[in-house]
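One structure below.
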Amino acid sequence: MVENSVITKQSSGSITFPELGADRTKAGEMAEGFSLNQIRNIGIIAHIDAGKTTVTERILYYTGRTYKVGGVDEGTAVMDWMDQERERGITITAAATTAYWLGRRINIIDTPGHVDFTAEVERSLRVLDGGVVVFDAVAGVQPQSETVWRQADRYKVPRICFVNKMDRVGASFHRTIEMIGKVLGAKVVAVQLPLGEEKAFEGIIDLVESKAVLFSGDVDSQPVEIDIPEDYLERARVERDILVERLAEEDDVLMHAYLEGREITAADVKAALRRACLASRVVPVLCGSALCNRGIQPLLDGIVNYLPSPSDVEAVEGVEPETGKVVTRPADDDGPFTALAFKVVTDPFVGRLVYLRVYSGTAESGARLLNAARDRKERLGRVLRMHANHREEVSRIYAGGIVACLGLKNTLTGDTLCDPSAPILLEAIRFPNPVMSVAIEARTKGDEDRIGEAMLKLTEEDPTFERHYDDETGQTIISGMGELHLEVLLERMKREFRVDAKLGKPQVAYKETITEPAQAEGKFIKQFGGRGQYGHVLLEVEPGERNSGFVFVNKIKAGAIPREYVPAVEAGVKEALQRGVLANYPIVDIKATLRDGSYHEVDSSEIAFKMAGSIALKEGVRRAKPVLLEPIMKLEIFAPEQFLGEVLGDIDARRAHIESVETQGDMRVIQCFIPLGETFGYTTTLRSLSQGKATQSMEFHHYEELPPGLTEPITTRVKGRAA
């Protein structure tokens, strides 16, 4: 434990930053002048209700960023600034802020835990250097914990774990660590032990420094460092030996010291932990109780000591737009300006805000930048540093910074902004596809014009929100990640854009695929008096592996079709995939092979072969025994034992496949897979079955073939609309 990491109150009543000695009111003045290795860009990520926002609120208080501790339950959390977040008691949108600790600037993004808002986690992890994963000490690894962990793996984000809620009945630090290792496949190392558990939890044992730290629970009281209590000495010694051994396996420097028999000091362990954590070879685990104000200062020490600065991570990689050549941009203020737009927000006070992560170079307000994704010049307007929904204007942005900017009219999520003289295109952010759709219409004639503008702004902000017009039904269809997602967006339309709209019945985003190979011929022959149109192809279709998407193969021989017409055939096939033959849902997981065809020297054209390809694909799919695929959700239910029978009976009737039923204290945890179409309104039903005591969380898992008996009603309904 670093002794001066504890915030102290001065006699004047002001709170100081550790190692800085600056009054907390000067936080804004200290925003500049930090070198790259003094910056930490981190995200707080976890399953819903694990305590992310409470952890963030305590971090803001203990670093002097706020004067009062905000609470989620009271609706006073600084980071949950939206009205809906405070009313619902959940985080909906990722909020950014900046804090200072041990002479470092920590840029923090507090992310949502609900699966419906997983896009906020996705875009945050794409631009962050490190993460703090919060776990509930009672529930351990939950479904969304696993999802965010895999997202962090994909972006190679080093992370530390914080086992929260150690004061709750049923809390177990040891069990949670085991679950992290087993379920997530992580090589975890405990750098702390809890001093007591459940009601007896009063502090932590620091295995690195071989000290104990006591917390009174009073938000303004100072942690007290003491010697490790005698009844914990043996366990602490064993656990520290395990920590050193595991680190030695991953760190050559520590291994040499270990083999030479040298005494392993706290500085040795701390340095080895940092090296191993930055390389994502180990994950340090800490513990505490944010709500009871225990363990937050050591967590801040861990963020500073073990998570990377912008200069510690690999140089960001992109391509030159014109040549496609791979180029890198190391984190350097003197390099060419390179930034990624990861979030767009419509602010009711200042207008359209674009959040940027700056990877290299600097820029000041008024600079001319290139949007490499759209080949458009942009002028950088005002630059703002955000503290949730509060704004602090700055004159210049530096490498490693996370800022919000005004004036970027044509920049969308995932676009690259760069120096026009050194263009680079960074990899865009990948988002999951929507799984639920509903029809939307304005309640009044006056709202019809405004509803389109509101939806346009929302689609700019949220890449998982989509809209389209259905020609057959004459309805506007919106799609999202779940009922809560669409419900929140509808409420935002009403509150922020003054548009009153109503939703139709939820629709499942089915897909279509084929189950066996087939061949089909496509001919497009038209004569219009003069020159005609002639295109003729022979296409073979076959089912692909699940999630393989679409594959097109050209096997034309002897020039049966001129080479210049083959791309047109592929374009026609792709177009035909958008609307299937059973119920007009997209066709997926299919391989199409162009085998043969013919052409006319005068009448053949690209449009003719495009139409022929489309005709052949449709006919081939009809012959290949098409089926519907339905989205399957991974559902986890926490229910008291006395309601287990009713809950199991209900989900069985909803075609759920039960994977396991486990015991956690007096609760039963049900893991199952359930079709999305059977989950509409399930939260209300579950509350009714359990007298409001059961909870559930759900996330998309995979697509699966719809039973034949359920396919016919869907196809009949679609054919009836068409008629």
Side-chain angles (χ1 to χ4, degrees), residues 319 321-322 324 428 430 433 466 468-472 509-629 703 705 715 718-719 722:
V319 297
E322 292 187 2
R430 299 187 301 271
N433 294 320
E466 297 179 357
H468 73 274
Y469 183 76
D470 191 319
D471 294 322
E472 292 186 2
Y510 295 104
K511 295 187 186 297
E512 299 184 21
T513 192
I514 58 176
T515 56
E516 62 181 41
Q519 282 194 353
E521 199 174 27
K523 286 186 176 180
F524 184 76
I525 304 173
K526 297 287 183 181
Q527 196 68 36
F528 303 105
R531 179 179 173 178
Q533 294 285 353
Y534 183 94
H536 170 221
V537 301
L538 182 66
L539 205 66
E540 182 182 274
V541 296
E542 55 187 299
E545 296 289 331
R546 191 68 71 236
N547 298 320
S548 61
F550 166 63
V551 178
F552 181 82
V553 179
N554 175 25
K555 289 197 173 180
I556 289 293
K557 296 180 180 178
I561 296 176
R563 188 182 305 167
E564 62 265 26
Y565 294 140
V566 173
V569 177
E570 183 178 1
V573 170
K574 284 183 177 178
E575 190 173 285
L577 293 174
Q578 302 306 310
R579 296 174 71 86
V581 300
L582 288 176
N584 294 330
Y585 291 108
I587 302 169
V588 297
D589 304 336
I590 185 172
K591 179 181 178 181
T593 304
L594 180 58
R595 291 284 184 187
D596 202 358
S598 61
Y599 72 102
H600 189 280
E601 290 187 358
V602 176
D603 291 347
S604 287
S605 65
E606 289 186 0
I607 188 66
F609 274 100
K610 182 179 179 181
M611 295 299 297
S614 181
I615 293 167
L617 189 281
K618 291 281 190 184
E619 183 58 33
V621 170
R622 288 189 186 95
R623 297 177 182 180
K625 292 189 177 180
V627 295
L628 284 181
L629 300 175
Y703 270 89
E705 188 173 329
T715 57
V718 172
K719 289 174 182 175

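The first residue of the sequence shown is numbered 1, and numbering continues consecutively from there.
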List the residues meeting side-chain contact (heavy atoms from CB on, under 4.5 Å) with [X], not counting sequence neighbours, and say none if there are none.
| X | result |
| --- | --- |
| Ile615 | Phe524 |
| Ala428 | none |
| Thr593 | Glu540, Glu542, Val553, Lys555, Lys591, Arg595 |

Quick check: do [X] and [Y] have side-chain heavy atoms less than 4.5 Å from each other?
| X | Y | value |
| --- | --- | --- |
| Thr513 | Leu628 | no |
| Glu705 | Leu629 | yes |
| Tyr599 | His536 | no |
| Ser605 | Gln533 | yes |
| Val537 | Glu521 | no |
| Leu582 | Val621 | no |
| Val581 | Pro626 | yes |

All side chain to side chain donor-acceptor pair (under 3.5 Å) counterparts of [X], not counting sequence neighbours:
| X | result |
| --- | --- |
| Glu466 | none |
| Ser548 | none |
| Arg430 | Glu427 |
| Glu575 | Lys610 |

(message) Enumerate the ring-ring contact (aromatic ring centres under 6.0 Å, His included) contacts for residues 542-561, please, sequence neighbours excluded, ordered by first and then second residue.
(response) none
(message) So, using salt bridge (Lys or Arg N to Asp or Glu O under 4.0 Å) as the criterion, who are the partners of Glu516 when residues are at least two apart?
(response) Lys625
(request) Please name all residues satisfying salt bridge (Lys or Arg N to Asp or Glu O under 4.0 Å) with Asp596, sequence neighbours left out, ordered by chain then number. (result) none
(message) Tell me whether the rings of Phe609 and Tyr565 are parallel (<30°), tilted (30 to 60°) or perpendicular (>60°).
(response) parallel
(message) Has Asp589 got a side-chain atom pairing as donor or acceptor with Gly549's backbone, closer than 3.5 angstrom?
(response) yes
(message) Applying salt bridge (Lys or Arg N to Asp or Glu O under 4.0 Å) as the test, list every pair that has at least one member in residues 563-573; sequence neighbours left out.
(response) Glu570-Lys574
(message) Give me each pair satisfying salt bridge (Lys or Arg N to Asp or Glu O under 4.0 Å) with a member in residues 613-624, each pair once, sequence neighbours excluded.
(response) Glu619-Arg622, Glu619-Arg623
Rounded to the nearest 0.5 Å, what's the gap from [atom1] on [X] to [atom2] on [Y]? Could you check?
| X | Y | atom1 | atom2 | answer |
| --- | --- | --- | --- | --- |
| Thr715 | Glu512 | OG1 | CD | 9.5 Å |
| Asn554 | Ile561 | CG | CD1 | 8.0 Å |
| Arg546 | Tyr703 | CZ | OH | 11.0 Å |

(request) Over all heavy atoms of both residues, which pair between Pro543 and Pro517 is shortest? Give the atoms and the distance, please. (result) CD-N, 3.9 Å
